[in-house]
Amino acid sequence: MWISRQMKSRGEDSTMQTARVTLDEGGDIEAVGVGVDRGVSLFTPYGYTCRLPAGEEVFIAKNGGMQAGLGVRMKESVKSGEIKISSPFGSYIHLKSDGSVVINGLVIDKNGTVINGE
């Protein structure tokens with residue numbers, strides 16, 4: 001991966017692994033992979049906030065005594081260019097490639113007209 005190559009080129013000791021989340025307490029994650037990692041900080045795109053449910057698979061990078069969760073494994077796919085934000089409880093927002101937005105099944109076309117659910 002690009003990140004690991006950059007760290008190695010600077011002589012930094014780094015490891016990357018996947019692990020299962022066992023606890024997310026206010027942004028500090030505990031996960032079990034090769035060992036138990038505590039105090040992992042999760043990094044997300046600006047404006048996104050989340051708490052990871054136990055059992056999610058998280059990608060962890062370790063470097064110079066610091067550890068960071070870089071993301072979780074996707075469980076579903078969308079079409080090219082689309083974005084879907086969903087909760088484990090069934091609510092979602094789906095920005096579709098045709099310009100429409102789907103919110104919990106309610107479809108709003110690219111002109112803002114509400115269409116019946118999908």
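In this structure, Lys75 pairs ionically with Glu56, as a charged nitrogen and a carboxylate oxygen lie closer than 4.0 Å. Salt-bridge annotation for Glu82 and Lys96: absent, with no side-chain N of the basic residue lying under 4.0 Å from a carboxylate O of the acidic one.
Here the side chains of Leu52 and Ile29 are in contact, with some heavy-atom distance below 4.5 Å. With contacts defined as side-chain heavy-atom distances shorter than 4.5 Å, the pair Val72/Phe59 does not qualify. Leu42 has its side chain within reach of Cys50: a pair of non-hydrogen atoms, C-beta onward, lies under 4.5 Å apart.
Checked by atom type and distance alone, the side chain of Tyr92 pairs as donor or acceptor with a backbone atom of Gly105 at under 3.5 Å. For Asp37 (side chain) and Glu30 (main-chain N/O), no donor-acceptor pair under 3.5 Å exists by modelled atom type.
Under the 4.5 Å side-chain heavy-atom criterion for Ile, Leu, Val, Met, Phe, Trp and Tyr, Val40 and Leu23 are members of distinct hydrophobic clusters. A continuous path of hydrophobic side-chain contacts links Tyr48 to Leu95 [ILVMFWY only; heavy atoms under 4.5 Å]. Ile83 and Val101 fall within the same hydrophobic cluster, where Ile, Leu, Val, Met, Phe, Trp and Tyr residues are linked whenever their side-chain heavy atoms come under 4.5 Å apart, directly or through other members. Under the 4.5 Å side-chain contact rule for hydrophobic residues, Met66 and Val36 do not share a cluster. In the hydrophobic cluster analysis, where Ile, Leu, Val, Met, Phe, Trp and Tyr join through side-chain heavy atoms closer than 4.5 angstrom, Ile85 is grouped together with Leu106.
Counting all heavy atoms, side chain and backbone alike, Arg20 lies closest to Gly55 at NH1-O, 2.9 Å. Here the closest non-hydrogen pair linking Val58 and Gly69 is CG2-CA, 4.1 Å. Across Arg51 and Asp24, no two heavy atoms sit closer than the pair NH2-O, 2.9 Å. Across all their heavy atoms, Pro53 and Pro88 have their closest contact at CG-CG, 4.3 Å. Looking at every heavy atom in both residues, Gln67 comes nearest to Gly39 through NE2-C, 4.2 Å. The two atoms that bring Glu76 and Ser86 nearest to each other are OE2-OG, 4.4 Å, heavy atoms only.
A donor-acceptor contact under 3.5 angstrom links the side chains of Asp98 and Ser100, judged on distance only.
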